[in-house]
Amino acid sequence: MSAQPGIDRGHTDDLMSFLRASPSPYHAVASAAERLEKAGFRRIEETAPWDGTAGGRFVLRGGAIIAWYVPEGAEAATPYRIVGAHTDSPNLRVKPIPDTGAHGWRQIAVEIYGGALLNTWLDRDLGLSGRITLRDGSDHLVTVDRPLMRVPQLAVHLDRSVNTEGLKLDKQRHMTPIWGLGGVEEGDLMRFVAEETGVAAEEIAGWDLMTHSVEPPAYLGRDRELVAGPRMDNLVSVHAGTAALIAAAQQELTYIPVLAAFDHEENGSQSDTGADGPLLGTVLERSVFARGGGYEERARAFAGTVCLSSDTGHAVHPNYAERHEPGHHPRPNGGPILKVNVNQRYATDGAGRAVFAAACERAGVPWQSFVSHNSMPCGTTIGPITAARHGIATVDIGIAILSMHSARELCGAQDPRLLAKALHAFLGA
């Protein structure tokens, strides 16, 4: 099999392993934490006192992780360089009373999370992942990474207009997965989860469970110049940010590099683990105070801080090119994209463009610009939230993908590595 010249697959191979190990936000932060610990970072608890000594640290809270590295000699007012990302992706999530079914089929009641492309979840083998909480308050990851569920589409013989009038899906009636035959039994799913996790069913007090596609990521195309896989929005950025932070910690630093990967971006970021919550600001402030600073040093540090909000953006779609702004057609393997919206759906301004361009130049990485078609509504990210909540200069960037919010998305095989190189240059400035 031939390979496209110039593609260094080491980073992308590692990304594919990261995607497989991270079927839920809770798995994603565990995967990132494992990599950080191997690089010498240590986990600290929010309820414990913090010290201001040099070194790498990280805080975990649910599906969010904040990690940073304090270089030797850092002052209390030393500014931060932040890579922002999110760990969640649209999917189907298990309801509080999950056991349901009809007509001899056993099913699992689900709620739609985020702006999922519903049709991409049809006729797809689904696993189960997330976390359970026991009566003693401890959390345990749940990983059933094999075909367990399926949302079957109605046969064309029973929907003759599907190919002429389009597929119409009702979120309540048509998206309930099947997982077996027989009558509905209360507590059936939790007994299954307990057995899979190795705990007693009666000890399970709560859960945050969701479906995921069990089909692994894969190279695609004649020359394998593309990658197809789940949850690229936005685990590509979480993975790249983790790698960039670890690399930056190995060099002399002017700033304090930070990775901030939040949960709940896909439904508005308003939670204690979302970008619109206090987590990032609290961590940065406590780091300033632990180094002997007060409000003055906190204000100075924040005033000199810059955040790159890294999230996926839209590559030009060859079958729907008219939906894109005609002067801006980001392409796969063309490097990371700078995302601009003058109505502040993205936080980028001219000064931010200069910061991003300089990082790409130092990294030897090409970059592209993205702006939405004037007649199409523009999505948003954690960028404007971070800028407004913390008064931090923020720039929106990412990589260009197709099939955003599908159960399986598509990107260029080179772009994840190019993104990581640009993020490393930014953090290590």
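- The backbone N or O of Gly229 lies less than 3.5 Å from no partner atom in the side chain of Arg231, so there is not a single donor-acceptor pair.
- For the atom pair CD (Glu203) and CE (Met190), the distance works out to 14.5 Å, reported to the nearest 0.5 Å.
- Looking at His424 and Gln251, their side chains do bring a donor and an acceptor atom within 3.5 Å of each other.
- At least one donor-acceptor pair closer than 3.5 Å links the side chain of Arg135 to the backbone N or O of Glu202.
- Here the side chain of Arg81 pairs no donor or acceptor atom with the backbone of Thr254 at under 3.5 angstrom.
- Between Glu225 and Asn333, the shortest heavy-atom distance links the atoms O-ND2, 3.1 Å.
- Rounding to the nearest 0.5 angstrom, the gap separating the CD1 atom in Ile65 from the CZ atom in Phe58 is 5.5 Å.
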- request: Go through the steps for His317 and Leu402 under the test side-chain contact (heavy atoms from CB on, under 4.5 Å), then give the verdict.
  value: CA-CA 7 Å; His317 196 304; Leu402 291 182; 4.1 Å; yes
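- Within the 3.5 Å criterion, the main-chain N or O of Phe289 finds no donor-acceptor partner in the side chain of Arg298.
- Side-chain contact between Val151 and Leu92 is present, with heavy atoms from C-beta onward closer than 4.5 Å.
- Proximity of His11 to Lys421: side-chain heavy atoms (C-beta onward) are nowhere separated by under 4.5 Å.
- No option in Leu245, Leu259, Val283, Leu284 other than Val283 meets the side-chain contact (heavy atoms from CB on, under 4.5 Å) test with Trp68.
- Side-chain N or O atoms of Thr348 include one that pairs as donor or acceptor with a backbone N or O of Asp396 at under 3.5 Å.
- Annotation: the span from Glu37 atom CD to Arg42 atom CZ amounts to 11.5 Å, rounded to 0.5 Å.
- The closest donor-acceptor contact from the side chain of Glu297 to the backbone of Gly294 lies under 3.5 Å.
- Using modelled atom types, one finds a donor on one side chain and an acceptor on the other under 3.5 Å when comparing His27 with Ser24.
- In this structure, Cys378 and Asn343 have side chains that are not in contact, with every pair of non-hydrogen atoms separated by 4.5 Å or more.
- Formation of a donor-acceptor pair under 3.5 Å by the Ser237 side chain with backbone atoms of Ser310 is found in this model.
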task: Assess whether side chain to side chain donor-acceptor pair (under 3.5 Å) is satisfied between Thr386 and Thr394, documenting all intermediate values.
output: CA-CA 7 Å; Thr386 302; Thr394 303; 5.3 Å; no
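- Annotation for Gly428 and Leu253: closest pair CA-CD2, 3.7 Å, computed over non-hydrogen atoms.
- A side-chain donor from one of Ser271 and His264 sits under 3.5 Å from a side-chain acceptor of the other.
- For Arg353, the CZ atom counts as loosely surrounded, since its 6.0 Å shell holds 12 or fewer non-hydrogen atoms of other residues, nucleotides or ligands.
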Side chains of residues 107-115: which donor-acceptor pairs under 3.5 Å do they make with residues two or more places apart or in other chains?
residue : atom : partner : partner atom : Å
Gln107  : NE2  : Thr176  : O            : 3.2
Tyr113  : OH   : Asp88   : OD2          : 2.6

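- When side chains are defined from C-beta on, Leu279 does not count as touching Asp272, because their heavy atoms never get closer than 4.5 Å.
- Of all non-hydrogen atoms in Gly281 and Phe302, the two that sit nearest each other are O-CZ, 4.2 Å.
- Applying side-chain contact (heavy atoms from CB on, under 4.5 Å) to Phe426 and the options Val355, Ile397, Val395 leaves one that passes, Val355.
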task: Mind running side-chain contact (heavy atoms from CB on, under 4.5 Å) on Trp121 and Leu126 for me, showing each step along the way?
output: CA-CA 8 Å; Trp121 292 88; Leu126 304 176; 3.6 Å; yes
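- Residues Val365 and Pro336 have side chains in contact (heavy-atom distance under 4.5 Å, counting atoms from C-beta outward).
- Among the candidates Thr120, Ile401, Asp233, Asn119, the single residue satisfying the side-chain contact (heavy atoms from CB on, under 4.5 Å) test with Ser406 is Thr120.
- Nearest heavy-atom pair, Ala21 versus Ser31, reported as atom, atom and distance to 0.1 Å: O-OG, 3.5 Å.
- The pair Glu75-Arg300 does not count as a salt bridge, with every side-chain nitrogen at least 4.0 angstrom from each carboxylate oxygen.
- Taking the charged nitrogens against the carboxylate oxygens, Arg224 and Asp13 have no contact shorter than 4.0 Å, which rules out a salt bridge.
- Side-chain atoms of Val288 and Tyr80, non-hydrogen and from C-beta on, do get closer than 4.5 Å to each other.
- Counting only heavy atoms from C-beta outward, the side chains of Thr53 and Val70 never approach each other to under 4.5 Å.
- Looking at every heavy atom in both residues, Pro25 comes nearest to Thr87 through CB-OG1, 3.4 Å.
- Salt-bridge check for Asp145 with Arg20: passed, with a basic side-chain N closer than 4.0 Å to an acidic carboxylate O.
- When all heavy atoms of Glu409 and Met232 are compared, the closest pair comes out as OE1-N, 2.9 Å.
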task: Dump the intermediate steps for side-chain contact (heavy atoms from CB on, under 4.5 Å) on Trp50 and Arg57, then the final yes or no.
output: CA-CA 10 Å; Trp50 292 7; Arg57 299 167 175 80; over 6 Å; no
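- At distances below 3.5 Å, at least one donor-acceptor pair connects side-chain atoms of Arg362 with backbone N or O atoms of Ala425.
- Side chain to side chain, Arg93 and Asn91 meet the donor-acceptor criterion of an N or O pair below 3.5 Å.
- Using a cut-off of 4.0 Å between Lys/Arg side-chain N and Asp/Glu carboxylate O, Asp99 and Arg191 are scored as not salt-bridged.
- A donor-acceptor pair under 3.5 Å links the side-chain atoms of Arg389 to the main chain of Asp276, judged by distance alone.
- Exactly one of Val258, Ile256, Ile66 qualifies for a side-chain contact (heavy atoms from CB on, under 4.5 Å) with Ile82. That residue is Val258.
- Residues Asp14 and Arg35 meet the side-chain proximity criterion, which asks for heavy atoms closer than 4.5 Å.
- In this structure, the side chain to side chain donor-acceptor pair (under 3.5 Å) partners of Asp136, at least two apart in sequence or on a different chain, are Ser138.
- In this model, no donor atom of one side chain and acceptor atom of the other lie less than 3.5 Å apart for Asp311 and Thr381.
- Using cut-offs of 30° and 60° on the angle between ring planes, the pair His324 and His329 is perpendicular.
- Using a 30° and 60° split on the angle between ring planes, His239 and Phe18 fall in the tilted class, from 30° to 60°.
- Proximity of a side-chain donor or acceptor of Asp263 to a complementary backbone N or O of Gly274 within less than 3.5 Å is not detected.
- For Phe356 and Trp367, the ring centers sit closer than 6.0 Å to each other.
- Note: Cys307 SG to Ile382 CD1 = 6.0 Å, rounded to the nearest 0.5 Å.
- Inspection of the Thr312 and Asn234 side chains reveals no N or O donor paired with an N or O acceptor under 3.5 Å.
- Distance check: Glu45 CD to Arg61 CZ gives 11.5 Å after rounding to the nearest 0.5 Å.
- How far CH2 of Trp179 is from OG1 of Thr211: 14.0 Å, rounded to the nearest 0.5 Å.
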field: Test side-chain contact (heavy atoms from CB on, under 4.5 Å) applied to Arg124 and Val214, step by step
entry: CA-CA 8 Å; Arg124 189 178 294 276; Val214 299; over 6 Å; no
